Amino acid sequence: MMPPSFPGLVDSHCHLDFPEFEGKLGEVREEMRMNGVTHALCISVELAGFPKVLGLAEAHDNFFASVGIHPDHEAEPVSVPRLAELARHPRVVAIGETGLDYHRLSGDLGWQRERFRAHIRAARECGKPLVIHTRDASEDTLRIMREEGAGRVGGVVDCLTETREVAEVALALGFHISFSGIVTFKNAGPLKDVARAVPLDRLLVETDSPYLAPVPHRGKTNRPGLVRHVAEEVARLRGITLEAVAEATSRNFFRLFVPGFSSGIT
Ligand SMILES: [Zn+2]
C-alpha cells in the first residue's frame with residue numbers, strides 16, 4: 001500500500017475492454033488502489049469496441065475513454081463527422097489511438113494515412129487532444145501532424161522505440177510524450193535517453209495493458225497498477241523521486257485531457 005501522502009499516478013493508456021480482463025475488473029481496480037494509481041484512460045482501437053470502452057468510463061469515475069481506430073485495424077473506414085460526434089460524449093477525453101504503423105502492415109498504406117488525417121480533423125473539430133501511435137513511420141507521422149495542424153489540439157505520442165529526434169519534433173508541435181513498460185527493458189537504451197530528456201511538464205506514463213508489462217513482470221498480462229514500475233524507472237533515469245514523477249505526470253494528464261477536473265492536484 002502506498003502512503004496517504006503519495007500524489008497518485010495515472011495510467012494514460014490501457015485497453016481494459018480486451019478479453020484478458022473479462023471478469024477481472026475488480027482485481028484490476030484493487031491493484032490500482034494498492035499501487036496508488038488513481039485514474040486510467042481506456043483507449044479505443046476500433047469503433048465496434050467503443051461502446052465497451054465508453055461503458056467503463058461511464059461506470060467508474062476514475063476511468064476516462066478515448067474514441068478512435070488503431071492503425072493496425074484495416075477494415076474500418078471512418079468519417080470525420082462520425083468521429084467528432086462520438087467524441088462529444090463528456091466521458092470521452094481524447095481521439096485515438098490513431099497514427100501510423102509500418103511495422104505490422106505493409107503494402108499500400110494510403111488508407112492508414114487518410115484515416116490518420118480524419119482523426120486529426122475530428123480532433124480539431126471537437127477540440128479534444130489526440131493519442132498517437134507511431135511505429136517505423138515517424139517521418140510520415142510527423143509530416144501529417146504538421147500538415148493537418150495537429151498542434152492546435154495537442155495530445156500525446158506514445159513512445160515505443162522512437163528516437164530523441166522524433167520526440168523533439170513532437171514536443172516542438174506541442175505534444176506530450178508517454179512512456180510504457182518498454183522503458184524498463186534492459187535493451188531500451190535509446191528510449192531511456194528520451195525519458196531523461198523530455199521536459200517534466202510534457203511527460204506521461206502508461207501501461208498499454210494488456211501488453212508490454214514492465215520489468216519485473218515482463219511477459220505477463222499487464223495491468224494499470226503496474227504503471228508504478230514505469231514511473232519508478234523514469235524517476236531513476238532522471239535522478240528524481242517517484243513522488244515527483246507521479247505529481248508531474250498526473251498534473252500533465254489532467255491539464256491535457258480533463259482540464260476542468262479538480263482532484264486536489266495543483
Ligand atoms: Zn494501445
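As the structure is a prediction and not an experimental result, all values here were calculated from the model. All ligand and atom numbering here is 1-based and tracks the order in the structure.
At a cut-off of 2.8 Å, His70 does not coordinate the Zn ion (ligand 1) through any N, O or S atom.
With respect to Arg135 and Glu97, no salt bridge is recorded, no charged nitrogen being found less than 4.0 Å from a carboxylate O. Salt bridge Glu76/Arg115: absent, no basic N to carboxylate O contact under 4.0 Å.
Within 6.0 Å of CZ on Arg143 lie more than 12 heavy atoms contributed by other residues, nucleotides or ligands.
Take the N/O/S atoms of His13: the one nearest the Zn ion (ligand 1) is NE2. Nearest to the Zn ion (ligand 1), among the N, O or S atoms that Asp208 has, is OD1.
Around the Zn ion (ligand 1), the two atoms NE2 of His15 and OE2 of Glu97 are separated by an angle of 100°, to 10 degrees.
In this model, no donor atom of one side chain and acceptor atom of the other lie less than 3.5 Å apart for Asn252 and His176.
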